[in-house]
Each structure stands twice: as structure tokens, then as C-alpha cells.
Engineer: 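Quick one: the structure is below, and I'll ask about it shortly.
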Amino acid sequence: LGELLAAGCNEYLVKSQEAVERIFAILTETDALMNETRPIGGVKRTNLGGVLVVFLSAKGGAGTSSMCANVAQVLGETHPEREMAVIDLVLPIGSIGQIVGYQGEFNLLEAARKPSEELDPDFLRRVTAPLETWGFRLLAGIPDPESSNALEASRIPAIIDTYRRAFDVVFVDLGRSLSRISMPIILQADVIVMVTASDMATATLTQTVWKYLEEKGVAQRNVYVLLNRAVGLEGVSKSDAEKIIG
């Protein structure tokens, strides 16, 4: 018994009439615990703030922004009790605003210009109402390359932190980015979605990016590789992509 518990087992049951009743009790206790810590569908984690989900790709054109917006929309529908927010951090030009038909003026640049004392959860709820049809709140990307030059990158961690305090699940679209701005965000993410495509070049580049993230200490259990086969069946198969990426 001692060896089993030392190896990481939570319970030890012997065959008896009470064993079945104890199994049901354990399952009930486990379900209650999962509801306290489950990122999506359970109660909000008050100690860490909202769950941070990062979408990225190793090569442009894999459909990362579209996947980010659509996954956020679907999870919002299946978990209406959760507040979803999406941050478009693709530089120099964001694209999710165009995908969802966002017409507002508040965007990443405006958020970075806001003094820290004014950029709080209540302010974010006022300026980013849930989008009609899509359901999530959007911090749109920068609309043009010239404006991106004025972005104060040092403000981005504070922006993400405030969004996590304000909402239950925060999706960040990084596009194709492994910069000094994006890496700290990737390293603190609860879930990382790497969007890849069915062509050999994208699959191979995805492998390179994954190996890099692994070297940086990213845990495999936090990473999901999403094969976005947009058109037809050309290119590598799912099993071939898995072998290439590892």
C-alpha cells in the first residue's frame, strides 16, 4: 500500500462489498474537484484569473485567425455561463476584426495607450461588448502597419493580465510569431493551439517550432496541433503530419 501511494496513486481498494460504494464516492469527489479546476465549463480559477489559450502557426496562410475566432465562438455557445474574450496580437496588421465584422474603434493600440490605472476589468467590459452572432468580446488588432510602429510592446503583458482578470477564457491570436513579445505569452499559456496545414512545408516548419517550444520548457500536455485542411485532400495525411511534427 505504501509503495502504491508513494508512486502517486490516490486510493487503494481491496475487493469487498464496500468497494463499489467507495468507487462511486471517489468518482463524485473527483468530479467536484475537476469542476473547481476545469479551464472551460467549470468555475473560474480565482487565483490565476481566466484561462489563457494561445493560437499560433509556423507558416502564414494556415488559417490561424479563422480557427481562433471560430473555436472561441463555438466554446461560447457550448459554455454560455463563461465569458469569452479574444485578443488579436497579429502584427503588424490584425485580421480577426475583418473576419467577424468588427466596427468599433477600440483596438490593441488604444488599449496600450491607456494608463494602467484606467485599464481595469470594468473598463474592458464597457468598451468591448460581446459581438453579435460571435458572442465573444474582441480586442481588435492594429488596423495598419504605420500604426503598429507606435505600439508600446511593454504594455502587452498588463493588457493580457487585465483581460484574464476580467474574463473566464482569453484567446490570443499570435499568428506566425515567435518574438520577444509573443514568447512570454506562449510560456504562460494554459493551452497552446498550433495550427498547421496539409502541405509538407507547413508540417515541417510546425515540427521546427514545436521542438523550439519544447526546448523552452513548454509541456507537451498543453499543446494541441490542429491540422486545418481547408480545401481538398492534397498534401500529407493526418498520420503523416503527426509523424513529421512528432
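For clarity, every value in this text was computed on a predicted model and none was experimentally measured.
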Engineer: Would Ile156 and Leu151 satisfy side-chain contact (heavy atoms from CB on, under 4.5 Å), going step by step from the backbone distance to the final call?
Structural biologist: CA-CA 9 Å; Ile156 291 177; Leu151 176 65; 4.1 Å; yes

Engineer: Indicate yes or no: at least one non-hydrogen side-chain atom of Val209 is less than 4.5 angstrom from one of Leu205.
Structural biologist: no

Engineer: Once the angle between the rings of Phe55 and Phe171 is folded into 0 to 90°, is it parallel (under 30°), tilted (30 to 60°) or perpendicular (over 60°)?
Structural biologist: tilted

Engineer: Are the side chain of Arg176 and the backbone N or O of Ser57 linked by a donor-acceptor pair below 3.5 Å?
Structural biologist: no

Engineer: Is any side-chain heavy atom of Met194 closer than 4.5 Å to a side-chain heavy atom of Val223?
Structural biologist: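 The answer is yes; the side chains approach within 4.5 Å.
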
Engineer: Using atom types as modelled and distance alone, determine if a side-chain donor or acceptor of Asn228 lies under 3.5 Å from a backbone N or O of Ala62.
Structural biologist: yes

Engineer: Would you say Ile93 ends up clustered with Phe106 if hydrophobic residues are merged whenever their side chains have heavy atoms under 4.5 Å apart, either directly or through other cluster members?
Structural biologist: no

Engineer: Does any non-hydrogen side-chain atom of Val225 lie less than 4.5 Å from one of Trp210?
Structural biologist: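 No. Closest side-chain heavy atoms not under 4.5 Å.
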
Engineer: If you define the side chain from C-beta out and look only at heavy atoms, does anything of Val170 sit under 4.5 Å from Glu83?
Structural biologist: no

Engineer: Check side-chain contact (heavy atoms from CB on, under 4.5 Å) between Asn70 and all other residues, then give those that pass, not counting sequence neighbours.
Structural biologist: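 Asn70: side-chain contact (heavy atoms from CB on, under 4.5 Å) contacts with Ser66, Trp134.
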
Engineer: Would you say Ser179's side chain and Ser182's backbone share a donor-acceptor pair under 3.5 angstrom?
Structural biologist: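 Checking the backbone N and O of Ser182 against the side chain of Ser179, a donor-acceptor pair under 3.5 Å is found.
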
Engineer: Under the side-chain contact (heavy atoms from CB on, under 4.5 Å) rule, collect the residues that match up with Pro130, sequence neighbours excluded.
Structural biologist: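 For Pro130, the residues satisfying side-chain contact (heavy atoms from CB on, under 4.5 Å) (neighbours in sequence not counted) are Arg137.
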
Engineer: Would a hydrophobic clustering, with Ile, Leu, Val, Met, Phe, Trp and Tyr connected at side-chain separations under 4.5 Å, put Val74 with Met67?
Structural biologist: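 No, because Val74 and Met67 fall into different hydrophobic clusters, even though each may have its own neighbours under 4.5 Å.
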
Engineer: Run the side-chain contact (heavy atoms from CB on, under 4.5 Å) test against Thr208 and tell me which residues pass, sequence neighbours left out.
Structural biologist: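 By the side-chain contact (heavy atoms from CB on, under 4.5 Å) rule, Thr208 matches no residue at all.
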
Engineer: Rounded to the nearest 0.5 Å, what's the gap from OG1 on Thr204 to NZ on Lys59? Could you check?
Structural biologist: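 Thr204 atom OG1 to Lys59 atom NZ measures 11.0 Å (nearest 0.5 Å).
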
Engineer: Given Lys114, which of Glu110, Glu117, Glu118 fulfils the salt bridge (Lys or Arg N to Asp or Glu O under 4.0 Å) condition?
Structural biologist: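 Output: one option passes, namely Glu118.
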
Engineer: When Ile142 is tested against each of Asn149, Leu91, Val90 for side-chain contact (heavy atoms from CB on, under 4.5 Å), which residue passes?
Structural biologist: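 Of the listed options, the one satisfying the test is Leu91.
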
Engineer: Go through the steps for Asp88 and Asn107 under the test side-chain contact (heavy atoms from CB on, under 4.5 Å), then give the verdict.
Structural biologist: CA-CA 9 Å; Asp88 188 345; Asn107 56 38; over 6 Å; no

Engineer: Val71, Val100: one ILVMFWY side-chain cluster at the under-4.5 Å cut-off?
Structural biologist: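 The answer is yes; both residues are in one hydrophobic cluster.
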
Engineer: Under a single-linkage definition using a 4.5 Å side-chain heavy-atom cutoff for Ile, Leu, Val, Met, Phe, Trp and Tyr, are Ile181 and Val172 assigned to the same hydrophobic cluster?
Structural biologist: yes

Engineer: Has the side chain of Arg125 got a donor or acceptor atom that lies under 3.5 Å from a matching backbone atom of Ala166?
Structural biologist: yes

Engineer: To the nearest 0.5 Å, how far apart are CD1 in Ile87 and CD1 in Ile96?
Structural biologist: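 Rounded to the nearest 0.5 Å, the CD1-CD1 separation comes to 10.0 Å.
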
Engineer: Is the positively charged end of Arg82 above the ring of Phe136, judged by distance under 6.0 angstrom from the centroid and angle within 45° of the axis?
Structural biologist: no

Engineer: Measuring from atom OH of Tyr163 to atom CG of Leu119, what distance do you get when rounded to the nearest 0.5 angstrom?
Structural biologist: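 One gets 7.5 Å once the value is rounded to the nearest 0.5 Å.
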
Engineer: Apply the side-chain contact (heavy atoms from CB on, under 4.5 Å) test between Val169 and each candidate in Val53, Asp190, Val191; give the one that qualifies.
Structural biologist: Val53

Engineer: With a 4.5 Å cut-off on side-chain heavy-atom distances among I, L, V, M, F, W and Y, is there a chain of contacts connecting Leu227 to Ile245?
Structural biologist: no

